[in-house]
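Report on one structure; see the data block that follows.
Just so you know, these numbers come straight off a predicted model, no measurement behind them. Computation of the quantities below employed the complete heavy-atom set of this structure, encompassing side-chain atoms and omitting hydrogens, waters and symmetry-equivalent molecules.
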Amino acid sequence: MAKISGRKRGRIASRLAAAAVTAALVGTGASAFAADNPTAKPFKAPTAKPAKGLKGAANTPASAPGDAPVFGLYGIDKSNTAWFYNPDGNGGLESRVSFPYNTNWNLKWVGQVDNDADNLADGIWQADYNGNLSYAAADGSDPWKVGGGWNIYNTLLSPGNLGGAGAGDLLGRDSSGTLYLYLGYGNGKMTSRYTVGGGWGQYTALAGNGDLTGDGKADIVARGADGTLWLYEGTGNYKAPFKPRTKIGGGWNMYNAIFAPGDIDMDGKADLIARDNAGALWLYKGTGNAAAPFQSRVKIGSGGWNTYRLFF
């Protein structure tokens, strides 16, 4: 795994939020798209004090952040209000942060994306219930429409760089179970879709955000209807982006949500989070080992997380 530079570490620290937010989610302006589609939301990563242990190159944990996304966690509750949770640098999450213009997030799906391979979110893709996909850069500017017709997909996923270039990509699964890959250009735009393959309708959840196996390529996991979790290792080749699946374990039907916000424990390895039916949140720390990509689970939220209908 590549070591992180002091300069890059400083950028991560400066972009991670912890407490008071001063200018997150700038209000929608008078652009034609904003007027045409009021559900699209601007995006600006909160900024405040760095997470514990990330105060600069001279005061860094032994395991500094490496080649794993460091995004922080957003949740949209059932009233369509968005909240932000900053990693505490210790494997958990700090108290949630409210910010201006965090209401009316009546969106079907949202995914953060890193466009320049620095492991920081540069923007979000967001899909509304009418099938419109839009993009909002992290500078808080008005979102713009990528295209329509995206309601053909019952699952969307922003898993990182699958195609071998520097920008994050997008996956979409349609009702027939066919999975498609859209390669990101690094500015919110993307290529026409490439067919990954069929049979993906057997899965009740797809998740992934970065490298789980330590080879520098983005991977995803998929949960089968019987609760089995499968690993799909990335190849870096957009024409065949995944290797054949390997079994990780069983019993994952105990969770009503599985998602991947990146590196939560700040050790340079991508992690996985799951929410159980009681509303507790569990962290599966990444190992970087394809044979056993996750450590045993650790509870990082005792309850109340069922208030959220969507995480990103």
- Item | CA sep, side-chain torsions, deciding dist, call: Leu133, Lys145, side-chain contact (heavy atoms from CB on, under 4.5 Å) | CA-CA 6 Å; Leu133 185 74; Lys145 188 174 180 179; over 6 Å; no
- Given side-chain contact (heavy atoms from CB on, under 4.5 Å), test Asp276 with Asn256 step by step and report yes or no. CA-CA 6 Å; Asp276 66 23; Asn256 59 32; over 6 Å; no
*side-chain contact (heavy atoms from CB on, under 4.5 Å) assessment of Thr287 paired with Gln295*: CA-CA 7 Å; Thr287 66; Gln295 299 180 28; 3.7 Å; yes
side-chain contact (heavy atoms from CB on, under 4.5 Å) for Lys108 and Asp128? Distances and angles first, verdict last. CA-CA 5 Å; Lys108 185 177 182 180; Asp128 66 22; over 6 Å; no
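Tyr255 and Arg297 are linked by a side-chain donor-acceptor pair at a separation below 3.5 angstrom, with hydrogens and angles left out of the test. Asp139 and Ser141 share a side-chain donor-acceptor pair at under 3.5 Å. Side-chain contact, Asp263 with Asn119: no donor N or O sits under 3.5 Å from an acceptor N or O. Side-chain contact annotation: Asn161 with Tyr238, donor-acceptor N/O pair under 3.5 Å absent. No side-chain donor from either of Trp150 and Asn132 sits under 3.5 Å from a side-chain acceptor of the other. Side-chain atoms of Trp83 and Asp77 include a donor-acceptor pair closer than 3.5 Å.
If you chain together hydrophobic residues whose side chains sit under 4.5 Å apart, Tyr135 and Tyr180 fall into the same group. In the hydrophobic clustering of this structure, Leu73 groups with Leu283; members are Ile, Leu, Val, Met, Phe, Trp, Tyr whose side-chain heavy atoms approach within less than 4.5 Å, directly or through other members. No chain of hydrophobic side-chain contacts below 4.5 Å, direct or via other Ile, Leu, Val, Met, Phe, Trp or Tyr residues, connects Leu272 to Leu93. A chain of hydrophobic side-chain contacts below 4.5 Å, direct or via other Ile, Leu, Val, Met, Phe, Trp or Tyr residues, connects Trp109 to Ile152. Leu181 and Met190 are assigned to two separate hydrophobic clusters, defined by single-linkage of ILVMFWY side chains at heavy-atom distances under 4.5 Å.
In this structure, the side chains of Trp282 and Met254 stay at 4.5 Å or more apart for every pair of heavy atoms. With contacts defined as side-chain heavy-atom distances shorter than 4.5 Å, the pair Pro69/Asp114 does not qualify. Between Leu281 and Ile300 the shortest side-chain heavy-atom distance falls below 4.5 Å. For the pair Pro159/Asn209, no side-chain contact is recorded, criterion being any heavy-atom separation below 4.5 Å from C-beta on. Counting heavy atoms from C-beta outward, Ile248 and Val221 have side chains that approach closer than 4.5 Å. Looking only at side-chain heavy atoms (C-beta outward), Glu233 and Leu231 come within less than 4.5 Å of each other.
Taking every heavy atom of both residues into account, Val110 and Leu310 meet most closely at N-CD2, 4.1 Å. Nearest approach of Ala121 to Ala138, heavy atoms of both residues: O-CB, 3.9 Å. Scanning all heavy atoms of the two residues, the minimum distance from Lys41 to Thr103 falls at NZ-O, 2.9 Å. In this structure, Gln112 and Gly72 approach most closely via the heavy-atom pair NE2-O, 3.5 Å. Minimum interatomic distance between Lys217 and Asp211 (heavy atoms only, all atoms of both residues): O-OD1, 3.1 Å. Here the closest non-hydrogen pair linking Ser302 and Ala280 is O-CB, 3.9 Å.
Side chain of Thr191 to main chain of Leu183: a donor-acceptor pair is present (N/O by atom type, distance under 3.5 Å, no hydrogens or angles). Not one N or O on the side chain of Asn289 forms a donor-acceptor pair closer than 3.5 Å with the backbone of Pro293. Of the possible polar contacts, none joining the Thr213 side chain to the Gly288 backbone as a donor-acceptor pair under 3.5 Å is found. Distance alone, capped at 3.5 Å, is enough to place a donor-acceptor pair between the Asp219 side chain and the Gly234 backbone. A donor-acceptor pair is defined here as one N or O able to donate and one able to accept, closer than 3.5 Å; such a pair exists between the side chain of Thr235 and the backbone of Ala240. For Asn306 (side chain) and Asn277 (main-chain N/O), a donor-acceptor pair under 3.5 Å exists by modelled atom type. A distance-only check finds no donor-acceptor pair linking the side chain of Lys239 to the backbone of Gly163 [under 3.5 Å]. Proximity of a side-chain donor or acceptor of Trp125 to a complementary backbone N or O of Gly188 within less than 3.5 Å is detected. For Asn253 (side chain) and Ala225 (main-chain N/O), a donor-acceptor pair under 3.5 Å exists by modelled atom type. Of the possible donor and acceptor atoms, one in the side chain of Arg275 sits under 3.5 Å from a partner among the backbone N and O of Tyr308.
The side-chain tip of Arg96 does not point at the ring of Tyr85 from less than 6.0 angstrom away and within 45° of straight on. At least one test fails for Arg173 against the ring of Trp200: distance under 6.0 Å to the centre or angle within 45° of the axis.
Taken to the nearest 0.5 Å, the CZ atom of Arg223 stands 10.0 Å off from the CG atom of Leu206. Atom NZ of Lys269 and atom CZ of Phe294 lie 13.0 Å apart (nearest 0.5 Å). The structure places OH of Tyr203 at 10.5 Å from CG of Leu179, a figure rounded to the nearest 0.5 Å. Distance check, rounded to the nearest 0.5 Å: CG of Leu171 to CD1 of Ile220 gives 5.5 Å. If you take CG on Leu170 and CG on Leu157, they are separated by 8.0 Å, rounding to the nearest 0.5 Å. Within the model, atoms CG of Asp88 and CD of Glu94 stand 6.0 Å from one another, a figure rounded to the nearest 0.5 Å.
A centroid separation of 6.0 Å or more is found between the aromatic rings of Trp230 and Phe242. Ring pair Trp105/Phe312: centre-to-centre distance below 6.0 Å. With ring centers used as reference points, Tyr284 lies under 6.0 Å from Trp252.
Within a 6.0 Å radius of NZ in Lys243, no more than 12 heavy atoms belonging to other residues, nucleotides or ligands are found.
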